[in-house]
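From a predicted model like this one, the values you see are computed outputs, not experimental measurements. Numbered from 1 within each chain, the chains take letters A, B, ... in sequence-line order. All heavy atoms count here, side chains included; hydrogens, waters and symmetry mates do not.
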There are 2 protein chains.
Amino acid sequence: MDEQKKNATIYDVAAAVGVSLATVSRVVNGSDSVRPATRDKVLAAIEELGYQPNAVARGLASKKTTTVGVVMPDITNLFYSELTRGIDDIARMYRYDVLLTNTDDEEEQAVTAIKNLAQKQVDGIIFMGTKLSDKVLLAIKATGVPVVLAGSVAENGALPSVNIDYEAAFEKVTSLFLDKKHEKVALTLGSNDRTIDQKFRLAGYQKALQQAKIAYDDALVFTGAKNYADGQKLADEILAQKADAVVVYDDEVALGILNAAQDAGKKVPDDLEIISSNNTTYTLVARPELSSIDQPKYDIGAVAMRMLTKLMNKEELGDDQITLPYTLVERASTK
Amino acid sequence: MDEQKKNATIYDVAAAVGVSLATVSRVVNGSDSVRPATRDKVLAAIEELGYQPNAVARGLASKKTTTVGVVMPDITNLFYSELTRGIDDIARMYRYDVLLTNTDDEEEQAVTAIKNLAQKQVDGIIFMGTKLSDKVLLAIKATGVPVVLAGSVAENGALPSVNIDYEAAFEKVTSLFLDKKHEKVALTLGSNDRTIDQKFRLAGYQKALQQAKIAYDDALVFTGAKNYADGQKLADEILAQKADAVVVYDDEVALGILNAAQDAGKKVPDDLEIISSNNTTYTLVARPELSSIDQPKYDIGAVAMRMLTKLMNKEELGDDQITLPYTLVERASTK
DNA sequence: ATGAAAGCGCTAACAG
DNA sequence: CTGTTAGCGCTTTCAT
């Protein structure tokens with residue numbers, strides 16, 4: 001019946017102890033200048049009344065919400081969810097809560113999400129996604145809060161970010177195939193209008209080609225495949241180009257290509273070598289297991305979040321473009 | 001230099017138009033009773049000043065934050081992330097933001113998360129996870145806000161929930177194997193102390209056994225495997241029991257068993273039939289593809305969130321224990 | 001070390 | 001239809 005316990009306020013505990021609410025506020029916030037005796041009394045009353053500070057009121061008064069916004073393409077995408085797990089763990093460590101939004105990597109949804117987070121007065125934002133258009137950039141700047149990109153890059157280092165060196169990684173794996181005298185190395189990318197694909201992954205691929213003195217042939221570059229089914233469809237096209245190796249930017253897509261190629265009677269890696277890019281669990285469940293570029297996904301998220309805490313604290317950052325090491329994990333889909 | 005545009009407040013726009021802040025508040029909140037002419041002027045000023053309502057202040061004044069808390073075991077688990085995707089989409093449709101917390105399915109973390117969400121004054125909570133202990137239940141009750149379970153059940157319908165009929169589903173797939181005259185049908189579960197595993201999945205399995213007049217043998221029931229690697233390890237034990245079919249509660253685990261069994265020279269489905277339970281993408285990437293109980297994961301999340309909106313609105317709910325239909329997807333891992 | 005008082009930016013009666 | 005007036009629950013100077 002007494003559902004009405006009405007969430008005790010700071011006033012209630014002040015009254016119970018016979019001090020001012022300022023004092024209660026001080027002990028709640030761990031201020032030094034409170035006599036131990038009073039502190040104890042206050043603490044007791046808090047316990048007694050089951051007082052829980054109202055974070056909204058706090059946020060309004062202090063202009064800090066201890067909440068960060070996380071904007072990501074899709075929570076069901078293993079790559080992003082692992083990044084986010086890193087973000088979440090570090091956020092929690094620093095006592096921030098996470099307001100999450102899926103954007104499907106769409107510009108409009110991203111802009112809406114960012115504006116909304118600004119209204120909610122988040123203290124900072126982590127942004128993930130490949131479409132970092134001017135509109136998105138503008139929306140980000142307009143929020144006035146610090147933003148860090150995780151697994152995503154802005155041109156000219158316009159925004160702090162944490163990544164691996166995609167260009168070097170793609171150059172390396174491409175060279176790996178080229179060194180084996182493969183003439184036709186295919187490449188699959190997410191899109192042809194994204195910085196990360198064009199300026200980094202494709203660039204690395206081309207660099208390797210150039211070094212091996214092999215002409216670039218855009219019939220060998222495939223864009224648009226985003227998931228397993230897309231990958232399966234793509235296999236035909238890749239095979240039709242008589243590619244003898246393929247570098248794939250995503251694990252699910254790589255798995256689709258792998259399975260479809262095998263279902264079509266091709267031998268992997270004998271007829272077609274495949275290397276993927278995110279080293280998620282998918283690479284392990286494949287038969288043969290997929291070789292992959294391993295990005296430290298969890299760490300990218302964790303480091304990005306750590307960086308954000310510094311920014312929110314107005315601490316000085318040394319470099320705001322962090323590059324984490326990647327490794328090449330060779331399994332059975334390559335020789 | 002004029003970084004100081006200082007986020008216009010409702011006062012600024014009121015002053016700009018020459019009306020009271022109440023009027024501005026009314027147009028912002030779409031109240032009917034505002035003369036169109038004034039409304040337009042206010043809207044113009046809002047546009048002009050780039051006014052964005054401060055959700056924190058709003059939350060404090062109205063005691064509604066338009067934010068819901070989502071408590072889940074692990075964002076990188078495909079089953080939960082798909083549920084969450086459904087939750088998120090519906091939440092957004094109803095203009096709620098989502099505060100997300102991972103608990104690793106640990107009781108303590110869940111309790112902490114729930115308390116924290118209460119402090120943040122969320123309007124409602126969606127809870128996912130298999131460990132719905134008394135402590136968690138208590139913490140939930142203490143928040144005073146509506147809570148809905150998604151893909152999780154409380155005993156005696158203590159909390160509103162959205163699920164499939166796990167017992168029926170497990171009975172059905174077990175019977176499927178039993179009907180083929182398999183004598184040794186193994187079962188793998190997440191744990192032996194969870195309601196969902198014990199009271200539903202195991203119960204369904206036992207029911208099928210009973211109906212087929214086959215004695216229950218607990219050597220055929222395996223608990224504790226949670227991921228792909230665990231599944232791989234488990235394969236040996238299952239094979240050692242000479243099981244000729246196995247029902248697995250999780251896709252990753254099923255895939256581990258499948259791959260390890262095949263790597264050990266067994267033929268699937270000839271030597272061992274396998275059926276899994278969540279029908280995530282993992283079932284498709286497997287070779288042979290895994291047969292699976294298909295739960296409408298996205299829908300479970302979506303329906304749970306929809307239910308929560310009703311609860312937050314104090315609308316009447318017909319039934320608060322919703323059971324969504326499951327289907328059996330037969331693929332190549334069963335005959 | 002503690003209290004008084006002034007907001008934070010907005011909503012919500014209550015008048016008119 | 002619009003304005004006035006209180007707060008929402010807390011932080012934060014500024015005094016004392």
Side-chain angles (χ1 to χ4, degrees), chain A residues 5-43 45-46 49-67 95 116 118-123 144-145, chain B residues 4-43 45-46 49-67 95 118-123 144-145:
Chain A
K5 255 192 343 202
K6 260 323 244 153
N7 281 338
T9 74
I10 198 170
Y11 264 100
D12 300 327
V13 1
V17 185
V19 295
S20 78
L21 74 176
T23 301
V24 178
S25 175
R26 288 192 185 99
V27 351
V28 169
N29 293 295
S31 161
D32 36 321
S33 47
V34 175
R35 188 146 42 88
T38 28
R39 172 190 308 282
D40 291 345
K41 279 194 287 185
V42 171
L43 254 14
I46 285 177
L49 299 174
Y51 167 68
Q52 301 272 89
N54 178 324
V56 173
R58 234 174 176 172
L60 183 58
S62 69
K63 298 180 165 308
K64 291 209 183 80
T65 54
T66 61
T67 301
R95 323 243 93 154
N116 181 53
Q119 291 195 188
K120 291 266 172 156
Q121 316 296 126
V122 295
D123 296 337
V145 301
Chain B
Q4 313 309 45
K5 255 192 342 203
K6 260 324 236 161
N7 281 339
T9 74
I10 198 169
Y11 263 101
D12 300 327
V13 0
V17 185
V19 295
S20 78
L21 77 174
T23 300
V24 178
S25 175
R26 287 192 184 99
V27 351
V28 168
N29 292 296
S31 161
D32 36 321
S33 48
V34 176
R35 188 148 43 89
T38 29
R39 172 190 306 282
D40 290 346
K41 278 195 287 186
V42 170
L43 254 15
I46 286 177
L49 300 173
Y51 168 67
Q52 300 273 91
N54 179 324
V56 174
R58 236 175 176 170
L60 183 58
S62 69
K63 298 179 166 305
K64 290 208 184 85
T65 54
T66 62
T67 301
R95 321 243 95 148
Q119 290 196 191
K120 290 265 173 158
Q121 315 296 125
V122 294
D123 296 336
V145 301

Visitor: From CD of A:Gln52 over to P of D:dC8, roughly how many Å is that when rounded to an integer?
Guide: 19 Å
Visitor: Do you know the tightest heavy-atom contact between A:Lys120 and B:Thr65?
Guide: NZ-O, 2.7 Å
Visitor: Please give, in whole Å, the distance from D:dG7 P to B:Arg58 CZ?
Guide: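 That distance rounds to 22 Å.
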Visitor: Check the distance between D:dC8's C1' and B:Asn54's CG and give it to me in whole angstrom.
Guide: 13 Å
Visitor: In this structure, how many angstroms lie between the P atom of C:dA12 and the NZ atom of B:Lys63, rounded?
Guide: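 About 11 Å, once rounded to whole Å.
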Visitor: All N/O contacts under 3.5 Å from nucleotides 12-16 of chain D to the protein, with atom names and distances to one decimal?
Guide:
none

Visitor: Would one find a side-chain N or O of B:Ser33 under 4.0 angstrom from OP1 or OP2 of D:dC1?
Guide: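 For D:dC1, neither OP1 nor OP2 has a side-chain N or O of B:Ser33 closer than 4.0 Å.
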Visitor: Does the side chain of A:Arg35 get closer than 4.0 angstrom to OP1 or OP2 of C:dT2 through an N or O atom?
Guide: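 A:Arg35 to C:dT2 OP1/OP2: side-chain N or O found under 4.0 Å.
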Visitor: Can you list everything that forms a side-chain hydrogen bond (donor to acceptor under 3.5 Å, both in side chains) with A:Ser62? Sequence neighbours excluded, please.
Guide: none
Visitor: Side chains of A:Ile10 and A:Arg58, heavy atoms from C-beta outward: is any pair under 4.5 Å?
Guide: no
Visitor: To the nearest angstrom, how far is B:Ile10 atom CD1 from D:dG3 atom P?
Guide: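 Value for this atom pair: 12 Å.
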Visitor: Does the side chain of A:Thr9 reach to within under 4.5 Å of the side chain of A:Asn54, using non-hydrogen atoms?
Guide: no
Visitor: Both B:Ala57 and B:Thr38 contact DNA chain D. Taking the nearest nucleotide for each, which residue is further toward the 5' end?
Guide: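 First, find each residue's nearest nucleotide; the 5'-ward one identifies B:Thr38.
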Visitor: Specify the separation, in whole Å, of atom NZ of A:Lys41 and atom P of C:dA1.
Guide: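 About 15 Å, once rounded to whole Å.
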Visitor: Using the side-chain hydrogen bond (donor to acceptor under 3.5 Å, both in side chains) criterion, which residues pair with B:Thr38? Sequence neighbours excluded.
Guide: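 Result, side-chain hydrogen bond (donor to acceptor under 3.5 Å, both in side chains) vs B:Thr38: none returned.
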Visitor: Have a look at the helix from C:dA1-D:dT16 to C:dG16-D:dC1 and give the angle its two end axes make, five pairs each, rounded to 10 degrees.
Guide: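 For the helix from C:dA1-D:dT16 to C:dG16-D:dC1, the axes at either end differ by 30°.
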Visitor: Measure CD/A:Gln119 against C1'/C:dC10 and give the value in whole Å, please.
Guide: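 Taking atom C1' of C:dC10 as the reference, CD of A:Gln119 is at 13 Å.
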Visitor: Map B:Thr23 and B:Leu60 onto DNA chain D by nearest heavy atom, then report which one ends up closer to the 5' terminus.
Guide: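 This one resolves to B:Thr23.
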Visitor: Taking side-chain contact (heavy atoms from CB on, under 4.5 Å) as the definition, give me every residue that meets it alongside A:Ile46, ordered by chain and number, with sequence neighbours left out.
Guide: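 Partners of A:Ile46 under the side-chain contact (heavy atoms from CB on, under 4.5 Å) test: A:Val13, A:Val27, A:Val28, A:Val42, A:Leu43, A:Tyr51.
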Visitor: Would you mind classifying the nucleic acid contact of A:Val19 as base, sugar-phosphate or nothing, using non-hydrogen atoms under 4.0 angstrom?
Guide: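 Sugar-phosphate, backbone atoms only, no base.
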Visitor: Of all residues at least two apart in sequence or in a different chain, which pass the salt bridge (Lys or Arg N to Asp or Glu O under 4.0 Å) check with B:Lys41?
Guide: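 Applying salt bridge (Lys or Arg N to Asp or Glu O under 4.0 Å) to B:Lys41 gives none.
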Visitor: Carefully, step by step, assess B:Arg95 and B:Thr66 under the rule side chain to side chain contact (heavy atoms under 4.5 Å, CB included).
Guide: CA-CA 7 Å; B:Arg95 321 243 95 148; B:Thr66 62; 5.8 Å; no
Visitor: Looking at B:Tyr11, does any N or O in its side chain come under 4.0 Å of the phosphate oxygens OP1/OP2 on C:dT11?
Guide: no
Visitor: Give me the atom names and distance for the closest heavy-atom approach of B:Val24 to B:Val19.
Guide: CG2-CG2, 4.0 Å
